[in-house]
Colleague: 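Structure incoming, see below.
Count residues from 1 along the sequence.
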Amino acid sequence: MPVPNRTVAGGAVALVTVVLGGVSLALADGMVSNETITGQMTYYNDKGFGACGSQIDAATEDLVAVSHEWWTSANPNEDRLCDGVEVQVTYEGKTITVPVKDMCPSCASDHLDLSQSAFQKLAPLDKGLVKGITWKFVTDSGEAIEAPSATGQPETAGVAAAGGAGWPARYAAPYVETWASPSELEKARQAGLRHATLAFVLDGGGCEATFNGTTPVADEEWLSAVRALRDAGGDVIASFGGASGTELGQGCDSVTALQEQYRTVVDTLDLSRLDFDIEGAALADSEANHRRNQALAALQQEAEKAGRALDVQFTLPSGTNGLDAGGMALLRDAESVGLRVSLVNIMTMDYGSEVDDMGQAAIDAATALHGQLGGIWPSKSSEELWAMQGNTPMIGVNDTPGEVFTTEDADRLAKFAVEKGIRQLSFWAVGRDRACPEPGRLSKTCSGTEQSDYQFLKTFNSVTTTSPDGRFAAPPVTGLVTGGTGTPTPSAASSGGGTGEKGVTSTAKPKVAAVGGIDLSIWQLQLPVGSPGSPTTVSSEQLRSGYRDDYFFTDSDGSLIFWSPEQGVTTPNSKYPRSELREMDPNGGSANWPLEGTHRMSATLRVLSVPSSVCVGQIHLGEGGSSTKPLLELYYRANGDIVLGTENSPAGGQTEHTVGHVPLGEQWSYTIGVSGGDTIDITVNGSTTHYPIADSFKSYKQYFKAGAYNQSASGSSTKGAKVAFSALTVSHS
């Protein structure tokens, strides 16, 4: 979307242009780190990974998310802003200094998004948006921070500049009823709403797009409410259709007239996303569906020729087995006319007969939809198909008797969305996100289930990432370079994207990574292919040069993927194949270090598939004896348990210790190491345990291994373990 004109530091500045991930961004060569900026502030209270790659809790920690316009690196983890930069903020005589830990994807350059903890040191939380603050960057050395562009494309007509860097990679966008007062949007914003779906745009008569069939889309009160949401770092989707009223595709009798109405709404609200809630009689109207798809395809092509993004998504009725025939027909027609459908959002509500477990029903419907979408878009990967999904329950008591979507159901669905990578969660509706005076009844103004005010909003907000769409993938990552926006195939020949990485834990500055952002100069790769008893190995030099294949490749989010099928070549001492890194020394030889001292390997990873068990990290015996056993192995089980296996002696035999539990697909971290010559140290998600090392191991030197060492074998080349590493570092002292 267009970038608004901005004047920075009181005047125009010269411009240079850089290209990041294929996107040209104008950056000023004037510097303003020591100059004071007048702007505005909001607050947020999210918990998770910030854009700098570290865990943050914006409810309790003092920190700031800075506008995307100040970031200059393709990988936010390595941006200058993440290297000790702070922001000094002053408001009404109070001043605080807080570290930059996060990015605001859709804030203007003068807009700070403070953590809740920091914000309330300057102003009451009920202010929400505070204008008239002054602030400046602070660095230890006085180093200047590059200013964002002072010029750009002219603003489009509408309420405000569109959502900055784009929509997050995963977000919550619940429905806000446009027949209610625009003040409802403002109240929800103060409660934490960042993204909203405005329901609904209908035909007001004579092929005219209006809110709810009665209110002009250019209504100033609604424009003001949308502007306030964007000022707070959020954005809106306009949803056309719904269960009642005249759907615009049925009210306009030509493609040209329909396209013009859609264009008017886009321009008036300055939109980059459109939603179409097609149900009931409208879904059965194949002629209107075809006309709508043609108009949208033409509008989308028109926007893209003008350099604007326009995403189109459909919200469709669903059973627990996915879409019905009408929904599938609509999507196939969209594909046939060249419409790029970015997302299919299913209504997981009102199934027509009582459903006891509404949370599981929503999960079952999403699982079925995944397969249905693959049938229409077979070239998309499994991950892309999950990211093409939205899921919208009706909170609380549904229209169908006996159906109640509870806060516990919301928790389960949110966790499932994160686990699978579902892009959008919504719910019907924000105006119902409060308890009723009498629970158990159906109401338009309350949920009918036990809850606190805006509890469903806050639960679904937990899925939202700070990563803008198309630039940085979710979840946020540490120490890796994200490449382009496409999804690499395992056999892709190109090297990993980006120019460098910021390490996590190391005694020396990590080297630039060739693939996936991990320093591959200290590793050798063993693959599950080769000659019997002699698996193929890939040297450090080859890895640095960008080697990748079907068993070792970079995913769309920049993670390194290790794929180990059950059928493959093994070493003489193992019955299982593996795709696994083996530590090397700086001179290119095999690493062999003594137990004395402190030695650590740290990783951030997700296990994407596992038949029964996969080893994701080892400390292995090296020189010093004849044993080929490990000192320890860290396993991830199919049930989510994380188990440390410590070898009893160099002759063999393991003792297992359960050290954690993480659902399949969820990101977690570990550090395995030894210290003092006699102690094993294991940390999983911040929890550390120690185990003694038997004297019989002390004559041996050691080395680290990491990857996917699957612990099962069969004749299957499609069944196996797949592990995604987003960070991997080694340190010795």
Side-chain angles (χ1 to χ4, degrees), residues 477 479-480 490 496 504 513-530 535-540 542-544 547-555 558-571 573-584 590-591 600-620 622 628 630-637 642-645 662 664-665 667-673 684 702-713 719-730:
V477 295
L480 70 121
V504 180
V515 180
I518 293 171
D519 179 11
L520 296 173
S521 66
I522 60 168
W523 299 104
Q524 180 186 78
L525 175 66
Q526 179 180 318
L527 296 169
V529 295
T536 296
T537 59
V538 182
S539 69
S540 300
Q542 289 174 286
L543 294 177
R544 289 197 305 270
Y547 178 90
R548 59 176 76 184
D549 62 15
D550 290 345
Y551 308 99
F552 177 80
F553 56 95
T554 309
D555 201 6
S559 300
L560 276 180
I561 303 293
F562 296 81
W563 162 239
S564 177
E566 289 193 329
Q567 181 185 50
V569 175
T570 70
T571 65
N573 300 312
S574 175
K575 57 184 178 181
Y576 304 128
R578 69 187 80 191
S579 174
E580 187 178 45
L581 296 174
R582 193 259 197 230
E583 185 187 9
M584 307 297 284
S590 299
R600 298 278 186 266
M601 180 172 71
S602 300
T604 303
L605 68 159
R606 292 177 295 133
V607 178
L608 305 178
S609 67
V610 56
S612 59
S613 178
V614 58
C615 177
V616 296
Q618 298 187 54
I619 298 178
H620 205 280
T628 59
L631 175 68
L632 64 85
E633 293 177 293
L634 187 64
Y635 303 104
Y636 180 90
R637 308 292 199 210
I642 302 167
V643 176
L644 178 69
V662 174
L664 184 69
Q667 181 168 279
W668 57 287
S669 63
Y670 73 75
T671 298
I672 56 176
V684 173
Q702 317 286 326
Y703 58 89
F704 288 117
K705 304 183 81 173
Y709 178 20
N710 191 31
Q711 299 293 293
S712 59
K719 182 180 179 183
K722 184 180 290 185
V723 183
F725 280 76
S726 55
L728 181 64
T729 59
V730 169

Colleague: Please tell me if the side chains of S574 and Y709 come closer than 4.5 Å, counting only heavy atoms from C-beta onward.
Modeller: yes
Colleague: Output all residues satisfying side-chain hydrogen bond (donor to acceptor under 3.5 Å, both in side chains) with E583, sequence neighbours left out; order by chain, then residue number.
Modeller: W593, H732
Colleague: Would you call the rings of Y703 and H620 parallel, tilted or perpendicular, where under 30° means parallel and over 60° means perpendicular?
Modeller: parallel
Colleague: Do you know the tightest heavy-atom contact between V538 and Q524?
Modeller: O-CG, 3.3 Å
Colleague: State, yes or no, whether a side-chain contact exists between S726 and S559 at a heavy-atom distance under 4.5 Å.
Modeller: yes
Colleague: Could you tell me if the side chain of L525 sits less than 4.5 Å from the side chain of S579, heavy atoms only?
Modeller: yes
Colleague: Listed by chain and number, what are the side-chain contact (heavy atoms from CB on, under 4.5 Å) partners of P565, not counting sequence neighbours?
Modeller: P528, Y551, W563
Colleague: Would you check if the side chain of S564 reaches a backbone N or O of P577 as a donor-acceptor pair within less than 3.5 Å?
Modeller: yes
Colleague: Calculate, to the nearest 0.5 Å, the distance between atoms CD1 and CG belonging to I672 and L634 respectively.
Modeller: 6.5 Å
Colleague: Who pairs with S609 by side-chain hydrogen bond (donor to acceptor under 3.5 Å, both in side chains), at least two apart in sequence or on another chain?
Modeller: none
Colleague: Not counting sequence neighbours, which residues clear side-chain hydrogen bond (donor to acceptor under 3.5 Å, both in side chains) with T571? List them please.
Modeller: none
Colleague: Taking the side chain as C-beta and beyond, is there a heavy-atom pair between Q526 and R578 under 4.5 Å?
Modeller: yes
Colleague: Closest heavy-atom contact between R606 and G665?
Modeller: CD-O, 3.3 Å
Colleague: At their closest point, which heavy atom of T671 faces which heavy atom of R600, and how far apart are they?
Modeller: CG2-CD, 3.6 Å
Colleague: Please examine the side chains of V569 and T536, heavy atoms only from C-beta on, and report whether any two atoms are closer than 4.5 Å.
Modeller: no
Colleague: Give the minimum heavy-atom separation between V607 and L664, together with the two atoms involved.
Modeller: O-CD1, 3.1 Å
Colleague: Restricting to non-hydrogen atoms, name the atom on T604 and the atom on S669 that form the minimum distance, rounded to 0.1 Å.
Modeller: OG1-CB, 4.1 Å
Colleague: Determine the minimum heavy-atom distance between W523 and L543, stating which atoms define it.
Modeller: O-CD1, 3.5 Å
Colleague: Just to verify, what does S712 make a side-chain contact (heavy atoms from CB on, under 4.5 Å) with, not counting sequence neighbours?
Modeller: E566, P611, S612, N710
Colleague: If you round to the nearest 0.5 Å, how far is NZ of K705 from CZ of R582?
Modeller: 7.5 Å
Colleague: For V616, does its backbone N or O pair with a side-chain atom of Y670 as donor and acceptor, under 3.5 Å?
Modeller: yes
Colleague: Taking atom CZ of F562 and atom CZ of F725, what is their separation to the nearest 0.5 Å?
Modeller: 6.0 Å
Colleague: Could you go step by step and tell me if I619 and F704 meet the side-chain contact (heavy atoms from CB on, under 4.5 Å) rule?
Modeller: CA-CA 5 Å; I619 298 178; F704 288 117; 3.5 Å; yes
Colleague: Picking from T554, L608, V723, D550, what satisfies side chain to side chain contact (heavy atoms under 4.5 Å, CB included) with I561?
Modeller: L608
Colleague: Can you confirm whether L728 sits close enough to L581 that some side-chain heavy atom of one is under 4.5 Å from a side-chain heavy atom of the other?
Modeller: yes
Colleague: Can you measure from CE (M584) to OG (S540) and round to the nearest 0.5 angstrom?
Modeller: 5.0 Å
Colleague: So do P535 and L527 actually touch side chain to side chain, heavy atoms under 4.5 Å?
Modeller: no
Colleague: Return the set of residues passing side-chain hydrogen bond (donor to acceptor under 3.5 Å, both in side chains) with Y636 (not counting sequence neighbours), or none when no residue passes.
Modeller: none
Colleague: With heavy-atom distances below 4.5 Å as the criterion, would you say the side chains of D519 and T729 are in contact?
Modeller: no
